[in-house]
Amino acid sequence: MPVALDHPVQTDAPARSVGDILSKRLVQCAPDVSVTEAAGLMRAHRCSSVVVVENGRATGIWTERDALKLDISADGVFDTPLSRVMSRQIKSIGRDTLVSEAGLRFKRDKIRHLLVVDDDDAPLGMLSQTDVILNHGVEHYLTFRDVRSVMSQALVQIDAALPLAEAVRRMRAENCEAAIVTSPAWDGAGIVTERDVVRMVAERRQGTVGEAASRPVVAVPPNFTLLSARDLFTQYGFRHLAVREENGAFLGLLSFSDILSILQYEYAVQINAALRERDEALVRSRRDLNLARQVIEASLDGVMIVNEAGLVDYVNPAFTRLTGYGAEEILGRNPRLLQSGLHDADFYDSMWQTLRGSGYWMGEVWNRRKNGEIYAEWLTINTIRDHNGHITKYAGTFSDITEKKNDEERVRSLAYSDSLTQLPNRRLFHDRLEQGIAAAHRHNGQMAVMFLDLDLFKRINDSLGHDVGDMVLVCVAQRLQDCLREGDTVARLGGDEFAILLPTLQEPADAARLAERLIEAMQHPIPAAGHSLHVTTSIGIALYPEDATTPDGLLKCADQAMYQSKEVGRNRFHLYSASSNNRATERLSAEHSLRQALARGEFHLAYQVKVDMTSGDVSGVEALVRWTHPERGEVPPGDFIPLAERLGLMPALGEWILRTACRQGRAWLDHGLPPVRLAVNLSPQQVVDPTFPPTVAAILAESGLPPDLLELELTERALIDHPAETGRVLRALYACGLRLVLDDFGSSPSSLVSLSHLPIQAVKVDQGFVDGLGQAFADRDLVTAIVRLAHALGITAVAEGVERPAQVAALKEAGCDEIQGYLISRAVPPDEIAGLFARPLLAVN
Ligand code: C2E
Ligand code: MG
Ligand code: MG
């Protein structure tokens, strides 16, 4: 049974020396003393041996066992001097010898007595097996064994009538200490032992064995425990027990020394096993220790062991390499020496707390090398405890992770930013988008995502090379960034694609305004490698939560909207269609498009003829502006002129219209068309603008159209809102030699009186009245009244919106001078006007 080292053999024996347990005095006598005297001494002292001493030295020993060697039947046997029968080989043992070792000596030397001597070999006492058994403290072994397992199988049974000398001879021959004695005359059996023989010798009796035997023999069952047997021995002072089966048959004898023998055996086995284990473990641990030391010394990780007092006990060479501190500089000092100052007291407090609680701590620590350099280490600290659980050491191992951290940082920046523009990359944009959505969701907020793609960027790359392309991208990135507020994110998604996140949006119009600013920011040419490059961008906008609520969804919508921008002509923004339902954003989108429509040449003019009612000839042509919107197609002027006015675009647009119309008029003349008046509509804004008349003059001069062929149509509204300014402008225009026409006359409560003060040459009866002609008598009367008024003032009356012949008849009757309307012709492209001159438009009778 192997014995674990941490569970040493449970016995006091190893700890006690024979000197401690030596109780009996040494019984000694001279060599000439007779065996009878010696036997008497033994009985008197209740011991089993006497030591023969000559001149103060032990020269022999005579024991109970030796008594069996006597021939009891011989004459004078009782007077035999000890010197003749004693054993001269006296075994002695030092008093400091351990009890366990003495037990082993008994076993090894097959003896039952050991002379205990002092340091000078002077005899101190006699140690018997009994002493050892009683002092072994190994009761637990004895409880597990029964007497059967250790009793002597050789059972000698002797008839009581046999002479004692004969019995002693048999016992000697059988080498047994005791024998069962039986007699038909006895009730039970008796027992004869060495001790009985010694008694007979002391009493000088020879007789029969029956006389020597003790009766009755004490018998125990074979399953009797050795512990109980030992207790019987000590209780009654005898040294042999008979082992008898229930049926009365004797199985054997158990002697006190049998117990010792098993005990010795067990003990020897265990102690040996324990010692062997201990030795092996020692060797192993020495080897392991050596190995561990070598490993620690060779380790690339720094190792530092700190003792209970918090001072450094050990550091390995890697420690020195990593920190710069030699062992001699740090041993016995507090490891605080290494602190960088980057961690606060809380950090260390919690480290110690964890360490004491769980036995280890692991983490990143910034420390300072001897040269002052700060470095990051990955530190693991383990507590080392003794077998009582008390912390005795702290072992720290660490590796320098500064490089790794730098790498990490590099990787992080590689992973999250675009190396060319240093803008966040697609991944980081995605992350921010996710965060933005989470926040907007929490706060019920709105967000916008823009997708930007540079227009025709590939051309730059292909024609000027990638280096120039890269320079453009860097510049674009900078411009985009300059337009953003703090908190907005612009990222380069790859190639010439960028994305912008506006995580907080007051209203969708904010996004559209930013898009306008971005487009505006791209207007300035980009200087790159000696070139001056015009780069424009198409933008798509998606709104959270209207269009999508996931990062991918938003990007997809913005991307789609961007493609729509591309399709309709680039350099513009487009809101994802789902958001166009939003009127505000739609208006914004229109505003944006309108601003650019002029530059993009999306406007053109259509011309509608006026016909003289008397002659049926074309008397004039009205220019009507048309906007061909890239997506919405033809946008009626009623839809965009008010917007253009609100945006303050009307002066520029009006000027373009006027110039275009005048050039067209000139072109018709040049193409040989008969000279007819060319009517151009004015916006109220133009009519109040004092710089307008000189502009008109300039355009007339520039185009070469005779001023008397130009007619300007203005609505009543301008006259009402700003009568003074309008008056000044109209007079100036009149001075230029052109004609002025009051459009949509009667549609608003105008002051008819103003007509007499202003240089107006014609009025156009509002479509609303013309429409009712032929049906409503009221309208007919009203139109008649207007025509009369006009004629009274000496000005021409024109009817517009004439669609049905019945209206023509009514107008003729009312005395109207000219008509205009779908019945005659719709507004047509300029090249179709010549065709209208060629055929009769109105039948006159
Ligand atoms: P307006 O000056 O009274 O122009 C007449 C409008 O009536 C034109 O509409 C014309 O196409 C339409 N019209 C002509 N004949 C008929 C007809 O028989 N039946 C019906 N139902 N409509 C007819 P358009 O071109 O949509 O212009 C609407 C208004 O927009 C114009 O009214 C004018 O006030 C303004 N506008 C048009 N072109 C310009 C321009 O170049 N400058 C300015 N400032 N305003 C313009
Ligand atoms: Mg008009
Ligand atoms: Mg009109």
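Note that the numbering runs from 1 along the sequence shown for the chain. Order of listing sets the numbers, starting from 1, for every ligand and every atom in it. Nothing here was measured: the structure is a model prediction, and the numbers come from that model.
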**Prompt:** Which is it for Glu507 and Arg513 under the salt bridge (charged side-chain N to carboxylate O under 4.0 Å, His left out) test, yes or no, and what are the steps along the way?
**Reply:** CA-CA 10 Å; Glu507 49 167 2; Arg513 272 191 275 276; 2.8 Å; yes

**Request:** Report yes or no: do Asp482 and Gln478 form a side-chain donor-acceptor pair below 3.5 Å?
**Result:** yes

**Fill in**
Looking only at non-hydrogen atoms, the one of Pro636, Ala623, Pro637 nearest atom 26 (O) of ligand 1 is Pro637

**Message:** Please name the atom of Glu622, limited to N, O or S, that comes nearest to the Mg ion (ligand 2).
**Reply:** OE2

**Glu546 and Gln446 side chains, donor-acceptor separation under 3.5 Å** = yes

**Heteroatom N/O/S of Asp766 within less than 2.8 Å of the Mg ion (ligand 3)** = no

**Item:** Region of Gln820 that comes within reach of ligand 1 [heavy atoms, distance under 4.0 Å]
**Value:** neither

**Complete:** The closest protein heavy-atom partner of atom 18 (O) of ligand 1 is Tyr822 N, 2.7 Å

**Message:** Given Met650, Gln767, Arg626, identify the one with the heavy atom nearest to atom 12 (C) of ligand 1.
**Reply:** Gln767

**Message:** With carbon and hydrogen excluded and only N/O/S kept, which atom of Glu800 is nearest the Mg ion (ligand 3)?
**Reply:** OE2

**Fill in**
Logged contact type for Glu800 with ligand 1, heavy-atom cut-off 4.0 Å, is side chain

**Message:** Given Asn681, Leu714, Leu712, identify the one with the heavy atom nearest to atom 42 (N) of ligand 1.
**Reply:** Asn681

**Message:** Below 4.0 Å, non-hydrogen atoms only: which portion of Leu624 touches ligand 1? Side chain, backbone, both or neither.
**Reply:** both

**Gap between atom SG of Cys816 and atom CD of Glu800 - 0.5 Å precision** = 10.5 Å

**Message:** Below 4.0 Å, non-hydrogen atoms only: which portion of Ile641 touches ligand 1? Side chain, backbone, both or neither.
**Reply:** side chain

**Message:** Once you restrict to heavy atoms under 4.0 Å, what part of Leu605 touches ligand 1? Side chain, backbone, both or neither.
**Reply:** neither

**Nearest-contact summary for atom 15 (N) of ligand 1 - protein heavy atom, Å** = Gln608 NE2, 2.9 Å

**Distance filter under 4.0 Å to Glu803 heavy atoms, resulting ligand 1 atoms** = 17 (C), 18 (O), 19 (N), 20 (C), 21 (N)

**Asked** Nearest protein heavy-atom contact for atom 38 (N) of ligand 1: which residue, which atom, what distance?
**Response** Val625 N, 3.2 Å

**Message:** Using 30° and 60° as the class boundaries, would you call the ring planes of Phe603 and Trp656 parallel, tilted or perpendicular?
**Reply:** tilted

**Pair Ser538-Asp453, side-chain donor/acceptor within less than 3.5 Å** = no

**Message:** For atom 1 (P) of ligand 1, what is the closest protein heavy atom, and at what distance to 0.1 Å?
**Reply:** Asp743 OD2, 3.6 Å

